[in-house]
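Take a look at the structure set out below.
Note that the coordinates shown come from a computational prediction; the quantities given were computed from them, not determined experimentally.
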Amino acid sequence: MGSFPPRQCGIATFTKDVVDSYDRAFGTSSHVIAIDEQGGEERTYPSNVIARLRQNDRACYSRIASLIDVHPAELLNVQHEYGLFGGKEGAWFADLIESVSKRVVVSLHTVLPNPSPEHLALAQRICARADAVVVLSQTGKDILVSEYGVDESKTFVIHHGVPDVPFASTDMPKASFGVGQRMVISTFGLISRGKGLEYAIEAMRAVVKRHPEALYLILGETHPQVRRQEGESYRESLHAKIAEYGLQNNIKLVERYLEFDELVNYLAATDIYLTPYLNPVQIVSGTLAYAVGCGKAIVSTPYLYAKELLANGRGFFAEFRDAASIAKNVSALLDDPALRRATERRAYRFGRQMTWPHVALQYGRLFLDLAPPRIPAALLERPA
């Protein structure tokens, strides 16, 4: 269960990747319950989507719970984000899983430090019902155990999956995009105000003074929910800043949703990946995980997930909302190719444990522990 393509959001992409990699690894044919948001577009889902949970249809939750119980599947895995579900902070989801008699594994994509009493009570309720809780970082597990009081023995760290790609030169990918020998900085993902892109754009003023060949690519369209609420006002403000600073030749917005192959090609052409995000307690970022997995030199603000992934010299940190700090770190990597290469290698080595085949194997081992085995045990003994 989770949001699912063609819905455009990070959880949807992640859910599909988990399903695809798991089924590929174990020869299974998983079924999906897709979550539709309030006021969302009508979608045509692929054939493995057997039902839709309509976020704000209260009666739909009990119908889906009944469907899960009569379905032949032995286990339900939910890719969980509080905002996907109805009720206060998504509380109807807790009602749903409490009505399900089968094994339930909840993958939590948000774990807030210092939660409000209401949020804490809901999270504890979800974790109490779940047979296992998956988090995407050790930081997330530490918070669940120490602040939420969740049983450590039922909490598992399975990293965000990343593409299994070779460590290679940027020359050929750059040629395919027609950017020649320019030094490419990039940020990708659905655009919203929390991404801090205005500070990255301002930082490019100082960067291009030292490196006029630098090209910053902002890859992705406006988040559909943001577009429904405020239109394209944020993106338009970014265009205005680019014009104000005279950076039209150094910053390009690629304004569309990128399919997987195109996204990986853009990352392959990237010299420095940048996440200037504004939320210090962000516990996961699929875009940052992809950049690590692809072996990129990374500059990021020090939100929780970045501090874990980029530890031990796997990346560099800029201060929140600080264009000068961003510019200093980006310029240092552009100035020093040897430093950039060493950082890339450290990131790539760490990312090998996060490839989708490895992630699928970890999910398979967890599911096998919880549900009667239909997966041949020998498959789970293969080296990652």
Discussion item. Check whether Q282 reaches the backbone of V284 with its side chain - one donor and one acceptor, N or O, closer than 3.5 Å.
Written reply: yes
Worksheet item: Cluster question for you: counting only ILVMFWY and a side-chain heavy-atom cut-off of under 4.5 Å, with indirect links fine, are L258 and L267 together?
Response: yes
Discussion item. Between Q225 and H223, do the side chains contain a donor N or O and an acceptor N or O under 3.5 Å apart?
Written reply: no
Practice prompt. Ignoring hydrogens and angles, tell me if any N or O in the side chain of D131 forms a donor-acceptor pair with the backbone of V105 under 3.5 Å.
Written response: no
Worksheet item: Checking side-chain contact (heavy atoms from CB on, under 4.5 Å) for the pair I218/L197: CA distance, chi angles, key distance, verdict?
Response: CA-CA 8 Å; I218 299 174; L197 297 171; 3.9 Å; yes
Discussion item. Could you work out, with side chain to side chain donor-acceptor pair (under 3.5 Å) as the rule, every residue matching E308, not counting sequence neighbours?
Written reply: T139
Validation: residues 111-122 side-chain donor-acceptor distances under 3.5 Å, sequence neighbours left out:
| residue | atom | partner | partner atom | Å |
| --- | --- | --- | --- | --- |
| S116 | OG | H119 | N | 3.1 |
| H119 | ND1 | E89 | OE1 | 2.5 |

Practice prompt. Using modelled atom types only, decide if a donor and an acceptor are shared between the side chain of S325 and the backbone of E319 within a distance under 3.5 Å.
Written response: yes
Practice prompt. Examine K296 relative to Y273 and say whether NZ or CZ is less than 6.0 Å from the centre of the six-membered ring and inside a 45° cone about the ring axis.
Written response: no
Worksheet, complete the sentence: Here the pair of heavy atoms bringing L288 nearest to A306 is CD2-CA, 3.6 Å
Worksheet item: Closest heavy-atom contact between T343 and G313?
Response: CG2-O, 3.9 Å
Fill in: R193 and E198 ion-paired at < 4.0 Å
no
Worksheet entry | Polar contact flag, side-chain donor to acceptor under 3.5 angstrom, D164-H358 | no
Worksheet item: When rounded to the nearest 0.5 angstrom, what is the spacing between CD in Q362 and CZ in F367?
Response: 11.5 Å
Fill in: Electrostatic pair D95-R125, nearest N-O below 4.0 angstrom
yes
Discussion item. Between R129 (side chain only) and V100 (backbone N and O only), is there a donor and an acceptor less than 3.5 Å apart?
Written reply: yes
Item to complete: Flag the pair F14 / W356 as yes when their ring centroid distance falls below 6.0 Å, and as no otherwise.
Response: yes
Worksheet item: Which one of I33, V104, I97 satisfies the side chain to side chain contact (heavy atoms under 4.5 Å, CB included) criterion with I68?
Response: I33
Worksheet item: Charged N to carboxylate O below 4.0 Å: is that the case for D322 and K328?
Response: no
Worksheet item: So, the side chain of K141 versus the backbone of T155: is there a donor-acceptor pair under 3.5 Å, distance only?
Response: yes
Worksheet item: Roughly how far, to the nearest 0.5 Å, is the CZ atom of F317 from the CD1 atom of I298?
Response: 9.5 Å
Fill in: Donor-acceptor pair, side chain of N56 and main chain of G86, under 3.5 angstrom
no
Worksheet item: Does a donor on one side chain and an acceptor on the other come within less than 3.5 Å for T287 and Y277?
Response: yes
Item to complete: Using the side-chain contact (heavy atoms from CB on, under 4.5 Å) rule, take F156 and V133 through it: C-alpha gap first, then chi angles, then the decisive distance, then the call.
Response: CA-CA 6 Å; F156 300 85; V133 178; over 6 Å; no
Fill in: Ionic contact status for R228 with E37, cut-off 4.0 Å
yes
Worksheet item: Are any side-chain N or O atoms of K154 and backbone N or O atoms of C127, one a donor and one an acceptor, separated by less than 3.5 Å?
Response: yes
Practice prompt. Inspect the contact between R7 and D36 and indicate whether a charged nitrogen and a carboxylate oxygen are less than 4.0 angstrom apart.
Written response: no
Worksheet item: Between T15 and G2, what is the shortest heavy-atom contact and its length?
Response: OG1-CA, 4.0 Å
Worksheet item: Nearest 0.5 Å, what's the CZ-CZ distance between F316 and R340?
Response: 11.0 Å
Item to complete: Take Y82 and H109 through the ring pair (Phe, Tyr, Trp, His ring centres under 6.0 Å) test and state the conclusion after the steps.
Response: CA-CA 9 Å; Y82 291 92; H109 288 253; over 10 Å; no
Worksheet item: Can you list the steps and then say if D69 with K102 is a salt bridge (charged side-chain N to carboxylate O under 4.0 Å, His left out)?
Response: CA-CA 7 Å; D69 271 346; K102 292 183 176 176; 5.7 Å; no
Worksheet item: Is it true that R235 and E232 have a side-chain N and a carboxylate O under 4.0 angstrom from each other?
Response: yes
Item to complete: Could you point out which residue of K174, R182, R341 forms a salt bridge (Lys or Arg N to Asp or Glu O under 4.0 Å) with D271?
Response: K174
Worksheet item: Do N77 and Q79 have side-chain atoms, one donor and one acceptor, less than 3.5 Å apart?
Response: yes
Worksheet item: Step by step, would you call H71 with H31 a side chain to side chain donor-acceptor pair (under 3.5 Å)?
Response: CA-CA 10 Å; H71 191 278; H31 285 165; 2.8 Å; yes
Worksheet item: Are any side-chain N or O atoms of R103 and backbone N or O atoms of L370, one a donor and one an acceptor, separated by less than 3.5 Å?
Response: yes
Item to complete: To the nearest 0.5 angstrom, please state how far the OH atom of Y199 sits from the CG atom of L278.
Response: 6.5 Å
Discussion item. Could you walk me through whether L334 and R210 satisfy the side-chain contact (heavy atoms from CB on, under 4.5 Å) test, starting with their C-alpha distance in whole Å, then the side-chain angles of each, then the deciding distance to 0.1 Å, before giving a yes or no?
Written reply: CA-CA 9 Å; L334 292 176; R210 293 177 62 88; over 6 Å; no
Practice prompt. List the steps, then state whether side-chain contact (heavy atoms from CB on, under 4.5 Å) holds for F350 with L310.
Written response: CA-CA 9 Å; F350 183 84; L310 304 184; over 6 Å; no
Worksheet entry | Between Y61 and S99: side-chain donor-acceptor atoms closer than 3.5 Å | no
Worksheet item: Is the distance between the ring centroids of F188 and Y266 less than 6.0 Å?
Response: no
Practice prompt. Test side chain to side chain donor-acceptor pair (under 3.5 Å) on S285 and Y290 and set out the steps.
Written response: CA-CA 9 Å; S285 166; Y290 269 42; over 6 Å; no
Fill in: Ring center gap for Y363 and Y22 short of 6.0 angstrom
no
Item to complete: Just do the side chain to side chain donor-acceptor pair (under 3.5 Å) check on S233 and E230 with the steps written out, would you?
Response: CA-CA 6 Å; S233 59; E230 61 177 68; 3.2 Å; yes
Worksheet item: Will you find, in the side chains of H159 and Q138, an N or O donor that is under 3.5 Å from an N or O acceptor?
Response: no
Discussion item. Side chains of T13 and Y257: any donor to acceptor distance under 3.5 Å?
Written reply: yes
Worksheet entry | Side-chain donor/acceptor of D336 to backbone N/O of A332, under 3.5 Å | no
Discussion item. Quiz question: by atom type and distance under 3.5 Å, do the side chains of T187 and Y216 form a donor-acceptor pair?
Written reply: yes
Worksheet entry | Within the 6.0 Å centroid threshold, strictly below: Y305 and H160 | no
